2 protein chains.
Amino acid sequence: MDLSERKLRILQAIVGDFIRSAEPIGSRTLSKKLDMGISPATIRNEMSDLEEMGFLTHPHTSAGRVPSDKAYRLYVNNLMQKYELPEEEKQIIAEKLTKNVSELDRTIQHAATLLSELTNLTSFAITPSQESNHLRYVNFLPVDESTVVLMIVTESGRVTNTAIKIKTSYKEENLSLLSKVMTYNYKGKTLSDILTHDIIRNFETDIEAMSRLVETIRPNFISTLENMLNVDLFMDGVTNIFSIPEYNDIGKAKVFLEMINKKKHFTDVLVRRDNGVIITIGNENQEDLMRDCSLITATYHIDGKLVGKLGVIGPTRMKYDEVTSIIEYITDNISQTFKITGGEEKDE
Amino acid sequence: MDLSERKLRILQAIVGDFIRSAEPIGSRTLSKKLDMGISPATIRNEMSDLEEMGFLTHPHTSAGRVPSDKAYRLYVNNLMQKYELPEEEKQIIAEKLTKNVSELDRTIQHAATLLSELTNLTSFAITPSQESNHLRYVNFLPVDESTVVLMIVTESGRVTNTAIKIKTSYKEENLSLLSKVMTYNYKGKTLSDILTHDIIRNFETDIEAMSRLVETIRPNFISTLENMLNVDLFMDGVTNIFSIPEYNDIGKAKVFLEMINKKKHFTDVLVRRDNGVIITIGNENQEDLMRDCSLITATYHIDGKLVGKLGVIGPTRMKYDEVTSIIEYITDNISQTFKITGGEEKDE
DNA sequence: GCTTAGCACTCACTTGATAAGAGTGCTAAC
DNA sequence: GTTAGCACTCTTATCAAGTGAGTGCTAAGC
């Protein structure tokens with residue numbers, strides 16, 4: 001059986017309506033809404049065909065029809081129209097993301113918050129893996145007699161500090177010398193290289209005082225680098241699911257919450273996804289617990305190279321057009337903001 | 001009417017049982033459980049007295065009795081026994097909080113996570129207000145031709161960085177000079193003084209290149225300081241409320257979530273609370289939306305001075321003894337970890 | 001005078017039956 | 001191919017009756 005133009009229009013109407021209302025839609029209502037001069041009975045016949053083809057289901061004999069995952073897929077691929085973001089929203093996004101060129105983490109967190117506010121869905125963002133990020137320099141700053149701050153800056157401009165407690169006293173000169181030596185040694189190497197290739201462990205010095213200092217600092221340096229390699233997961237709008245009828249059932253809500261609360265697992269799922277804007281609908285998701293959900297993710301770039309991800313998770317009934325546009329716009333903005341070496345002047 | 005020893009024991013049993021089960025408790029059950037050789041009828045009489053005195057209510061004529069806020073207050077003040085944390089939990093806490101002397105924010109966030117895991121409640125933590133925190137030094141670090149990192153370190157050892165985009169080129173010497181000049185000017189002053197007393201605005205220089213640099217940097221410096229004065233709120237275990245029978249009703253859960261999602265308002269409420277371990281039960285809370293909840297907060301200290309807060313929010317039916325002990329233990333640990341100038345050697 | 005057994009009473013909750021409503025599927029006519 | 005009509009299905013709401021937990025009161029017992 002072929003998908004006639006009329007079938008497509010009917011299907012589109014059903015998907016569109018269901019996305020808005022979350023209610024199964026019947027032939028009578030649809031007949032009125034479509035305004036094509038076809039009777040409910042005809043629509044019933046068409047619906048019946050569509051159901052046979054796997055685009056529709058109905059929860060029980062006498063409920064209206066509901067789109068299947070396959071229908072959403074068709075909708076996303078062919079039927080969906082480009083959604084143009086309102087100028088107002090664009091402005092909000094640009095403003096919130098670029099106003100303060102603050103630390104990466106904070107910006108990404110902002111982005112997640114923004115995304116959940118604009119979509120009314122649960123949003124998430126993961127920071128880029130820094131495996132291929134190159135170290136730019138290491139700096140030790142004295143704070144007081146027993147505390148030193150270790151600062152690591154990468155090529156992409158990411159800064160990390162860790163406070164280190166030093167048991168025995170140290171001299172500022174040694175600290176500053178150590179900073180220089182370590183920077184000299186590690187500059188230009190990737191973080192994972194520094195960690196994995198035993199470079200740290202081979203770092204020795206023959207000056208007595210320095211070597212004691214190195215001993216204290218080494219574990220902190222290692223764990224800081226390890227931390228930097230970690231991918232952070234931010235989430236926001238988790239409680240938005242309660243305004244979604246699908247999750248009015250406390251049991252379902254719980255399952256959803258449990259799923260996204262397994263942060264480690266969830267992060268892995270996100271990391272594994274391909275780059276670019278990716279939509280996975282219901283059954284297309286590998287994970288059992290996500291079979292009821294759709295996931296939209298997009299990637300942003302730091303310094304044109306490092307890649308992080310941003311996205312939403314929600315019911316399969318989702319405003320795919322709108323959400324996709326919002327995510328794309330936000331990721332574009334982040335990439336723009338963190339285009340560090342591009343050197344492009346921003347005109348304000 | 002007086003609270004006889006027997007009344008107290010009965011009340012204690014009711015509170016204890018209700019904290020565990022969340023079910024109204026009847027006279028028969030209680031008679032068996034108490035094992036004092038008094039019949040249900042007697043207990044009914046006592047219960048009736050207790051109800052008259054305001055310690056109990058019952059939701060409807062033929063339900064068991066339920067403790068009132070007043071009963072919880074009595075329980076917390078007089079009946080509750082000191083809860084001794086299992087050694088195992090103590091170890092977990094100490095380990096997780098002191099293992100990496102990392103940045104304050106991260107540690108506080110860890111603490112909140114830990115707290116919610118140990119109590120199965122919703123936990124929160126606010127970072128100290130830094131109003132009275134003194135600036136130690138300012139540093140500008142070149143990243144690339146158009147990016148500079150502004151780093152501010154306070155007396156208490158808190159470090160903040162912000163990346164600043166510089167439109168026109170700059171010289172490294174100027175940057176380093178500016179760092180020194182600003183540090184010289186601001187060192188020892190409190191953050192709020194620097195901000196409010198117009199000190200920043202009066203900061204001028206007669207060197208041409210420098211003054212251009214200052215212009216670019218000033219707004220960033222100001223907003224960074226402002227950011228540092230903000231109190232951050234962390235939360236964890238928000239979804240724990242779904243394992244609490246009181247919130248099995250989706251409507252109630254929603255109200256709860258809405259309340260704690262008004263982060264600004266919620267932060268204010270926390271900031272206003274007194275220092276030390278504070279328990280507020282149900283109606284004792286000022287905020288309407290919290291009248292169904294109990295709140296336990298405690299304070300931790302940074303450098304012996306700055307004060308942050310940590311606590312949980314949950315149903316009035318709460319394991320006050322256990323939760324209080326856990327919170328105290330965690331705040332003690334944080335205070336210990338961040339006792340910066342104490343100079344006490346830690347033996348490991 | 002405190003304690004207790006007994007009993008009527010109350011009220012929430014469950015169950016089953018019934019009715020209403022929405023929507024389909026089929027058939028026959030256009 | 002399209003449509004009207006009608007029987008049929010299935011959900012949801014409503015109501016009544018039954019059940020059970022628990023109370024409050026009264027009168028008897030210690």
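This structure is a prediction, so every number in the text was calculated from the model and none was measured. The sequence lines fix the lettering, A, B, ..., with proteins before strands; numbering per chain opens at 1.
Closest approach to the A/Met47 side chain among D/dT3, D/dC25, C/dT24 is made by C/dT24 (side chain taken as heavy atoms from C-beta onward). Of the candidate nucleotides D/dA4, C/dT24, C/dT4, D/dA4 has the atom lying nearest to any side-chain atom of A/Ser39. Here the side chain of B/Ile38 is nearest to one of C/dG25, C/dT4, D/dT3, namely C/dT4. For A/Ser27, taking side-chain heavy atoms from C-beta onward, the closest of the listed nucleotides C/dT24, C/dT4, D/dT23 is C/dT24.
Phosphate proximity of C/dT3 to B/Thr42: absent, as no side-chain N or O sits under 4.0 Å from OP1 or OP2. Between B/Arg6 and C/dC2, a side-chain N or O to OP1/OP2 separation shorter than 4.0 Å is absent. The side chain of B/Ser62 places no N or O atom within less than 4.0 Å of a non-bridging phosphate oxygen (OP1 or OP2) of C/dC9. Between C/dG25 and A/Arg65, a contact under 4.0 Å exists linking OP1 or OP2 to a side-chain N or O.
No donor-acceptor contact under 3.5 angstrom links the side chains of B/Thr299 and B/Asn275, judged on distance only. Residues B/Asp236 and B/Ser123 bring no donor and acceptor atom of their side chains to less than 3.5 Å of each other.
Remark: P of C/dG25 and NE2 of A/His60 are 12 Å apart, rounded to the nearest angstrom. In this structure, CD of B/Glu52 is placed 16 Å from P of D/dT23, rounded to the nearest angstrom. Here C/dG23 presents its P atom at 11 Å from CG of A/Asp17, a figure rounded to the nearest Å. If you take NZ of A/Lys32 and P of C/dA22, they are 10 Å apart, rounded to a whole angstrom. Between the CE atom of B/Met36 and the C1' atom of C/dT4 there is a distance of 16 Å, rounded to whole Å. Following rounding to the nearest Å, A/Leu56 (CG) and C/dG23 (C1') show an atom-to-atom distance of 14 Å. B/Leu30 has its CG atom 17 Å from the P atom of D/dA21, to the nearest Å. Atoms CD1 (A/Ile25) and P (C/dG23) sit 9 Å apart, rounded to a whole Å.
Each of A/Ala41 and A/Pro24 lies near DNA chain C, and the nucleotide nearest A/Pro24 is the one positioned closer to the 5' end.
Nucleic acid contact class of B/Ala63 (heavy atoms, under 4.0 Å, all strands): sugar-phosphate only.
Applying the salt bridge (charged side-chain N to carboxylate O under 4.0 Å, His left out) test to pairs two or more places apart or on separate chains, those with a residue in residues 27-38 of chain A are A/Asp17-A/Lys33. A salt bridge (charged side-chain N to carboxylate O under 4.0 Å, His left out) check over residues 278-288 of chain B, counting only residues at least two apart or in different chains, returns the pairs B/Arg73-B/Glu284, B/Arg272-B/Glu287, B/Asp288-B/Arg291.
Salt bridge annotation for A/Asp321-A/Lys82: absent, with no cationic side-chain nitrogen under 4.0 angstrom from a carboxylate oxygen.
In the interface, the side chain of A/Thr61 is not paired with the base of D/dC10 through any donor and acceptor atom under 3.5 Å apart.
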